[in-house]
Undergrad: 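Take this structure first; my questions come after.
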2 protein chains.
Amino acid sequence: MKISSQEEYGLRCMLQLARSAPGPMSLAEISRGEGLSSAYAAKLLGQLRDHGLVEAVRGRSGGYSLSRPPEDITVREILSTLGGQLFEERFCHEHNGLGESCVHADSVCNIRSLWEALNEMLSAVLERTTLADLLCYGRVQEKLEEPRRAILSEGSGAQAVN
Amino acid sequence: MKISSQEEYGLRCMLQLARSAPGPMSLAEISRGEGLSSAYAAKLLGQLRDHGLVEAVRGRSGGYSLSRPPEDITVREILSTLGGQLFEERFCHEHNGLGESCVHADSVCNIRSLWEALNEMLSAVLERTTLADLLCYGRVQEKLEEPRRAILSEGSGAQAVN
DNA sequence: CTTATACTTGACATAAGTGTAAACTTTCCT
DNA sequence: AGGAAAGTTTACACTTATGTCAAGTATAAG
């Protein structure tokens, strides 16, 4: 359960495009701005382009630009393009151990419920956070303060019920 | 951002110990119960033992057992042993691209704020969820329903503020 | 219509994560 | 003692993720 390098660097490239002046920004500028090799930045931007998050213009004076305004691009889309989701449908099918299917496939699986709940929480937060939010100092903190408090306050209360 | 195999399988082994009768449970039983090779289960249980979550008894009639009662072992401890945290201190130092340090190291970094917030939310939920919760049908759903609603309801409200 | 600029593609090298194998140590039972 | 049952350790093969390289294609300027 770790943030992948692609997620980090790809999101940084997107943020840079969001900050940039109108018109395409060249690979050289983007990679220089993030301290990445241009080959690596190209790979990441290629993925983002394939998923429709950025547009590329080839040839002289070409470059990359966001395909939509920053406030219409969610962090969830970006991260899901670069690194998939925390928990996906196929996960259980891919963790069968030695058997043909998971030994818990036919029964209620509380671990699965846990993964689903975690995934939903993360997705919900990321879906509501846009590139525009990441541009603005303090916006992320503000936006995530309430859910964070909600979760934390839940803690002592729910514990007592058991 | 994916759940690792070790996290899944290691947690399953722990859950099996939590379900088992008092006294040590042998590697063979555990691995058979989860459909894992005994070599692999041994590796996972070795890690869990090194972190003090299970105790092992060697020799004939030996096996593994939880080092504490299930209600005192949090899922956070287990997952953190098996797969680390979503976002750790060193993350930023390890993602410098080509430079000696991250180009954003000296400035306010909203991406970092985002990672920290996500990590805190996940940790808070996992800290309050114990092995005992995972034993009980429906407990996970109950326990996570409130925080989930809190996050989801936050959505429309916070959105309008912008 | 040539050239410099810039994105694109696919193959590759390296590192990290996943899972196996075999030799070893400890303990109990007879 | 001796052997069987059971955990321990280390090294290895395999797979996936990370990052690079080089040759290719498209476009605008002169």
Side-chain angles (χ1 to χ4, degrees), chain A residues 1-10 12-13 17 23-32 34-51 53-65 67 79 81-84 88 90-91 94-99, chain B residues 1-13 17 20 23-32 34-51 53-65 67 79 81-84 88 90-91 94-99:
Chain A
M1 217 189 265
K2 292 208 181 303
I3 293 161
S4 74
S5 294
Q6 287 202 32
E7 287 169 323
E8 164 77 11
Y9 291 132
R12 273 159 61 171
C13 289
L17 289 179
M25 186 177 187
S26 81
L27 189 54
E29 284 178 280
I30 299 172
S31 59
R32 202 164 345 100
E34 285 308 332
L36 302 177
S37 76
S38 65
Y40 190 28
K43 188 174 201 168
L44 299 173
L45 287 160
Q47 286 182 51
L48 292 164
R49 182 206 49 202
D50 291 343
H51 283 77
L53 293 173
V54 305
E55 277 163 6
V57 176
R58 292 169 78 139
R60 193 166 172 143
S61 81
Y64 298 91
S65 52
S67 60
L79 294 184
T81 291
L82 295 162
E88 290 167 344
R90 54 185 168 175
F91 184 86
E94 287 171 354
H95 290 82
N96 300 327
L98 300 171
Chain B
M1 218 188 264
K2 292 207 180 304
I3 294 162
S4 73
S5 295
Q6 288 204 30
E7 287 170 323
E8 164 78 10
Y9 291 132
L11 181 54
R12 275 159 61 170
C13 290
L17 290 178
S20 75
M25 185 176 189
S26 80
L27 190 54
E29 285 178 280
I30 299 172
S31 59
R32 202 163 348 97
E34 284 308 332
L36 302 176
S37 75
S38 64
Y40 191 28
K43 188 176 199 167
L44 299 173
L45 287 160
Q47 287 182 49
L48 292 164
R49 181 205 51 201
D50 292 343
H51 283 76
L53 293 173
V54 305
E55 277 163 5
V57 177
R58 290 170 79 140
R60 196 167 168 142
S61 81
Y64 297 91
S65 52
S67 60
L79 294 184
T81 291
L82 295 162
E88 291 168 343
R90 56 186 164 175
F91 183 85
E94 287 171 353
H95 290 81
N96 299 328
L98 300 170

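In what follows, chains carry the letters A, B, and so on, assigned in the order in which the sequence lines appear, proteins first and then strands, with residues in each chain numbered from 1. This structure is a prediction, so every number in the text was calculated from the model and none was measured.
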Undergrad: What is the distance, to the nearest angstrom, from the OH atom on B:Tyr9 to the C1' atom on C:dT20?
TA: 14 Å
Undergrad: Who pairs with A:Tyr9 by ring pair (Phe, Tyr, Trp, His ring centres under 6.0 Å), at least two apart in sequence or on another chain?
TA: A:Tyr40, B:His95
Undergrad: Under a 4.5 Å cut-off applied to non-hydrogen side-chain atoms, are B:Val54 and B:Cys13 in contact?
TA: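 B:Val54 does not reach B:Cys13 side chain to side chain.
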Undergrad: What contact category does A:Leu98 fall into here, base, sugar-phosphate, or nothing, at under 4.0 angstrom with non-hydrogen atoms?
TA: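 A:Leu98: backbone/sugar contact only, no base atoms under 4.0 Å.
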Undergrad: Could I get a table of every N or O pair under 3.5 Å where one atom is in the protein and the other is in nucleotides 7-9 of chain C?
TA:
{"from": "C:dC7", "atom 1": "OP1", "to": "A:Leu27", "atom 2": "N", "distance (Å)": "2.9"}
{"from": "C:dC7", "atom 1": "OP2", "to": "A:Leu27", "atom 2": "N", "distance (Å)": "3.2"}
{"from": "C:dT8", "atom 1": "OP1", "to": "A:Arg49", "atom 2": "NH1", "distance (Å)": "2.5"}
{"from": "C:dT8", "atom 1": "OP2", "to": "A:Arg49", "atom 2": "NH1", "distance (Å)": "2.9"}
{"from": "C:dT8", "atom 1": "OP2", "to": "A:Tyr64", "atom 2": "OH", "distance (Å)": "2.9"}
{"from": "C:dT8", "atom 1": "O5'", "to": "A:Arg49", "atom 2": "NH1", "distance (Å)": "3.1"}
{"from": "C:dT9", "atom 1": "OP2", "to": "A:Arg49", "atom 2": "NH2", "distance (Å)": "3.1"}

Undergrad: So, the side chain of A:Ser67 versus the backbone of A:Leu53: is there a donor-acceptor pair under 3.5 Å, distance only?
TA: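 The answer is yes, because a donor-acceptor pair under 3.5 Å joins these two groups.
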Undergrad: Do any side-chain nitrogens or oxygens of B:Gln6 fall under 4.0 Å of OP1 or OP2 in C:dG17?
TA: no
Undergrad: Is there a side-chain contact between A:Asp50 and A:Thr81 (heavy atoms, below 4.5 Å)?
TA: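 A side-chain contact is absent here, since even the closest heavy-atom pair is not under 4.5 Å.
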Undergrad: For the residue pair A:Leu36 and A:Ile30, establish whether any side-chain heavy-atom pair is separated by less than 4.5 Å.
TA: no
Undergrad: Judged by each residue's nearest nucleotide on DNA chain D, which is more toward the 5′ side, A:Tyr40 or A:Arg60?
TA: A:Tyr40
Undergrad: First locate atom CE of B:Met1, then atom CD of A:Gln6, and finally report the distance between them rounded to the nearest 0.5 Å.
TA: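 Going from the CE atom of B:Met1 to the CD atom of A:Gln6 covers 13.0 Å.
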Undergrad: Anything under 4.0 Å to a heavy atom of chain B counts; send over the first and last such nucleotide of DNA chain D, read 5' to 3'.
TA: D:dA5 to D:dT20
Undergrad: In this structure, how many angstroms lie between the C1' atom of C:dG17 and the CD atom of A:Glu94, rounded?
TA: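 Taking atom C1' of C:dG17 as the reference, CD of A:Glu94 is at 15 Å.
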Undergrad: Using modelled atom types only, decide if a donor and an acceptor are shared between the side chain of B:Ser31 and the backbone of B:Ser37 within a distance under 3.5 Å.
TA: no
Undergrad: Could you grab the distance from atom CD of A:Glu88 to atom CD1 of B:Ile3, nearest 0.5 Å is fine?
TA: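 Reported to 0.5 Å precision, the distance equals 9.5 Å.
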